[in-house]
Amino acid sequence: MGNPVNRGRALLAYIATLMAIAAPIAPAIAADGAMIEDPANGSNFYCAERKLGTWFYCTKPKAKPVDPAVATPPAAPAETATERLDKVTAELRELKAKAILEPSTENITAYVQFQREQLDRASMFSDVWQRAVWQNPELDYTLQRPVGTVAKAAWLNDRKVDRDQAINHLGERYGIFYFFAQSCGACEIFSPILKSVTDSHGLHVMAISTDGGPSDVFTHYSVDSGQRERMGLTSKATPAVVLFDTVTHRAVPIGYGVIAADELMDRIYTLTQTKPGSDY
């Protein structure tokens with residue numbers, strides 16, 4: 001049987017050898033206690049292929065199912081620019097109301113400082129807006145309707161030439177109804193203006209007296225017998241200038257009261273030769 005001491009030493013040596021073999025292949029353990037497979041240490045080799053027995057590190061616990069109720073909620077949608085601007089507006093109103101209702105130095109200072117921040121933001125917006133318009137001609141409205149002194153003068157001169165040429169041919173399609181009254185003081189002032197414009201551009205005028213009285217300027221006139229109503233005009237104001245389109249048989253009111261010659265021609269040109277919105 002041998003010496004008991006020698007047998008004890010041999011047993012201890014055997015146990016130490018087993019521990020030395022097992023140590024390098026011990027599987028890694030995750031934070032939740034689950035075993036992490038490590039092929040480099042050969043856990044499959046010793047636990048499955050060699051069939052060296054059942055060891056604690058060869059039993060792999062089952063993964064815990066994930067509870068949908070405690071799953072990570074979806075991220076909140078990003079705040080829109082409109083929502084941010086609404087917050088700024090709301091804060092400004094709140095600071096202003098607080099400064100008015102509780103006019104302490106702190107409240108007024110807070111309101112003025114926040115208002116100054118928004119004024120700086122508005123100034124930045126205005127500056128960048130102007131730079132963008134300068135650099136993108138399709139955004140620059142002044143190219144269509146100049147506002148500068150030199151450019152505006154050139155535009156008005158071209159516009160006047162186009163206007164006069166158009167009005168010179170206006171009589172081929174339009175006639176003018178002029179409603180006046182003998183008792184109307186404004187008619188005495190406007191009648192010579194209208195006659196000057198119509199004579200210089202060859203326009204025919206049908207003068208209508210609303211009270212039956214004569215006109216010193218338009219000596220050939222008719223007395224109102226319901227012409228206004230038949231043209232769909234409801235106003236009884238005098239003087240009144242109305243274009244009549246002989247093609248569409250439609251009345252086009254030009255204006256009421258005393259109108260300067262240039263303005264009268266501008267109105268006639270605009271209402272007969274341009275589309276709504278084209279000048280603005």
Participant: Just wondering, do Val147 and Tyr141 contact through their side chains at under 4.5 Å, heavy atoms?
Facilitator: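 A side-chain contact under 4.5 Å is absent here.
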Participant: Just so I know, are the side chains of Asp140 and Leu143 near enough to count as touching, which here means a heavy-atom distance under 4.5 Å?
Facilitator: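 Asp140 vs Leu143: side chains touch.
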Participant: Answer yes or no: does atom CZ of Arg230 have more than 12 heavy-atom neighbours from other residues, nucleotides or ligands under 6.0 Å?
Facilitator: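 Enclosed: over 12 neighbouring heavy atoms sit under 6.0 Å from CZ of Arg230.
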Participant: Quick one: are Ser209 and Asp224 in side-chain contact, heavy atoms under 4.5 Å?
Facilitator: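 Heavy-atom side-chain distance check fails, nothing below 4.5 Å.
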Participant: Do Tyr174 and Thr272 have side-chain heavy atoms sitting under 4.5 Å apart?
Facilitator: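 Tyr174 reaches Thr272 side chain to side chain.
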Participant: Please name all residues satisfying salt bridge (charged side-chain N to carboxylate O under 4.0 Å, His left out) with Lys152, sequence neighbours left out, ordered by chain then number.
Facilitator: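 Here no residue qualifies.
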Participant: Just so I know, are the side chains of Ile268 and Leu264 near enough to count as touching, which here means a heavy-atom distance under 4.5 Å?
Facilitator: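 Yes - at least one pair of side-chain heavy atoms lies under 4.5 Å apart.
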Participant: Do Thr109 and Asn107 get their side chains close enough for a donor-acceptor pair, meaning under 3.5 Å?
Facilitator: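 Not at all, the side chains of Thr109 and Asn107 share no donor-acceptor pair under 3.5 Å.
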Participant: Using a strict threshold of under 4.0 Å (side-chain N to carboxylate O), is an ion pair present between Lys160 and Asp164?
Facilitator: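 Looking at Lys160 together with Asp164, the answer is no, because their closest N to O distance does not fall below 4.0 Å.
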Participant: Go through the steps for Phe190 and Ile259 under the test side-chain contact (heavy atoms from CB on, under 4.5 Å), then give the verdict.
Facilitator: CA-CA 7 Å; Phe190 180 64; Ile259 306 172; 3.9 Å; yes
Participant: Honestly curious: do Phe177 and Leu170 fall in one hydrophobic cluster under the side-chain, below-4.5 Å linking rule?
Facilitator: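 Phe177 does not cluster with Leu170.
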Participant: Any side-chain heavy atom of Leu139 within less than 4.5 Å of one from Trp134?
Facilitator: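 No; the side chains remain at least 4.5 Å from each other.
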Participant: Could you tell me whether a side-chain N or O of Gln273 sits under 3.5 Å from a main-chain N or O of Thr270, the two making a donor and an acceptor?
Facilitator: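 Not a single qualifying donor-acceptor pair exists.
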Participant: Return each pair, listed once, that meets salt bridge (Lys or Arg N to Asp or Glu O under 4.0 Å) where at least one residue sits in residues 232-247; pairs must be two or more places apart or across chains.
Facilitator: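 For residues 232-247, and leaving out neighbouring residues, the salt bridge (Lys or Arg N to Asp or Glu O under 4.0 Å) pairs sorted by first residue read Arg173-Asp245, Glu229-Lys236.
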Participant: Please examine the side chains of Ile208 and Phe180, heavy atoms only from C-beta on, and report whether any two atoms are closer than 4.5 Å.
Facilitator: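 Result no, sub-4.5 Å side-chain heavy-atom pair not found.
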Participant: Please identify each residue that fulfils salt bridge (charged side-chain N to carboxylate O under 4.0 Å, His left out) with Glu79, with sequence neighbours left out.
Facilitator: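 By the salt bridge (charged side-chain N to carboxylate O under 4.0 Å, His left out) rule, Glu79 matches Lys87.
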Participant: Apply side-chain contact (heavy atoms from CB on, under 4.5 Å) to Ser200 and list each qualifying residue two or more places apart in sequence or on a separate chain.
Facilitator: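 Partners of Ser200 by the side-chain contact (heavy atoms from CB on, under 4.5 Å) criterion come out as none, since no residue qualifies.
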Participant: Can you check whether Ala132's main-chain N or O pairs, donor with acceptor, with Asn136's side chain at less than 3.5 Å?
Facilitator: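 Confirmed, Asn136 side chain pairs with Ala132 backbone.
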Participant: Is there a path from Ile254 to Val242 through hydrophobic residues (I, L, V, M, F, W, Y) whose side chains come within less than 4.5 Å of each other?
Facilitator: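 In one cluster: no.
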Participant: Atom CG of Leu203 and atom CD of Glu172: how far apart are they, to the nearest 0.5 Å?
Facilitator: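 Answer for the CG-CD pair, Leu203 versus Glu172, is 10.5 Å.
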Participant: Is there a side-chain contact between His201 and Met265 in this structure, where contact means two heavy atoms from C-beta onward sitting under 4.5 Å apart?
Facilitator: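 Heavy-atom side-chain distance check passes, below 4.5 Å.
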Participant: What about Met231 and Leu271, same hydrophobic cluster or not, with Ile/Leu/Val/Met/Phe/Trp/Tyr joined at side-chain heavy-atom distances under 4.5 Å?
Facilitator: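 Hydrophobic grouping puts Met231 apart from Leu271.
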Participant: Find the distance between CD (Gln165) and CG (Asp162) and round it off to the nearest 0.5 Å.
Facilitator: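 Rounded to the nearest 0.5 Å, the CD-CG separation comes to 6.0 Å.
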Participant: According to a hydrophobic-cluster definition based on side-chain heavy atoms being under 4.5 Å apart (Ile, Leu, Val, Met, Phe, Trp, Tyr only), do Leu243 and Met206 belong together?
Facilitator: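 Different clusters.
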Participant: Listed by chain and number, what are the side-chain contact (heavy atoms from CB on, under 4.5 Å) partners of Ser126, not counting sequence neighbours?
Facilitator: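 Counting only residues at least two positions away or on another chain, Ser126 forms no side-chain contact (heavy atoms from CB on, under 4.5 Å).
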Participant: Below 3.5 Å, can you tabulate the donor-acceptor pairs from side chains in residues 212-222 to any protein atom, sequence neighbours excluded?
Facilitator:
from	atom 1	to	atom 2	distance (Å)
Ser215	OG	Val217	N	3.2
Ser215	OG	Phe218	N	3.1

Participant: Would you tell me whether Asp211 and Ser183 have side-chain atoms, one donor and one acceptor, within less than 3.5 Å of each other?
Facilitator: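 Yes - a donor-acceptor pair under 3.5 Å links their side chains.
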Participant: Kindly give the heavy-atom pair with the smallest separation between Ile193 and Ala260, and that separation in Å.
Facilitator: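 For Ile193 versus Ala260, the nearest heavy atoms are CG2-C, 4.2 Å.
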Participant: Go through the structure and list residues passing side-chain hydrogen bond (donor to acceptor under 3.5 Å, both in side chains) with Thr238, not counting sequence neighbours.
Facilitator: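 None.
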Participant: Looking only at non-hydrogen atoms, find the nearest pair between Leu233 and Pro253 and report the distance.
Facilitator: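 Looking at all heavy atoms of both residues, the closest pair is CD2-CG, 3.7 Å.
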Participant: What donor-acceptor contacts under 3.5 angstrom involve side-chain atoms of residues 94-103, with partners at least two apart or in another chain?
Facilitator:
none

Participant: Can you name the side-chain contact (heavy atoms from CB on, under 4.5 Å) partners of Thr234, sequence neighbours left out?
Facilitator: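 Checked Thr234 against side-chain contact (heavy atoms from CB on, under 4.5 Å); zero matches.
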Participant: Donor-acceptor pairs under 3.5 angstrom involving side-chain atoms of residues 116-123: please list them, not counting sequence neighbours.
Facilitator:
from	atom 1	to	atom 2	distance (Å)
Arg116	NE	Asp120	OD1	3.1
Arg116	NH2	Asp120	OD1	2.8
Gln118	OE1	Arg121	NH1	3.1
Gln118	NE2	Phe114	O	3.3
Ser123	OG	Leu119	O	2.9

Participant: I need the full list of salt bridge (Lys or Arg N to Asp or Glu O under 4.0 Å) pairs touching residues 246-268, with sequence neighbours left out, sorted by first then second residue.
Facilitator: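 Non-adjacent pairs meeting salt bridge (Lys or Arg N to Asp or Glu O under 4.0 Å): Arg163-Asp262, Arg163-Asp266, Glu263-Arg267.
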Participant: When rounded to the nearest 0.5 angstrom, what is the spacing between CZ in Arg84 and OG1 in Thr82?
Facilitator: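 The distance works out to 10.0 Å.
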Participant: Looking only at heavy atoms, what is the nearest atom pair of Cys187 and Tyr178, with distance?
Facilitator: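 Taking every non-hydrogen atom into account, O-OH, 3.6 Å.
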Participant: Can you name the side-chain contact (heavy atoms from CB on, under 4.5 Å) partners of Ala240, sequence neighbours left out?
Facilitator: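 So Ala240 forms a side-chain contact (heavy atoms from CB on, under 4.5 Å) with Phe179, Arg228, Tyr256.
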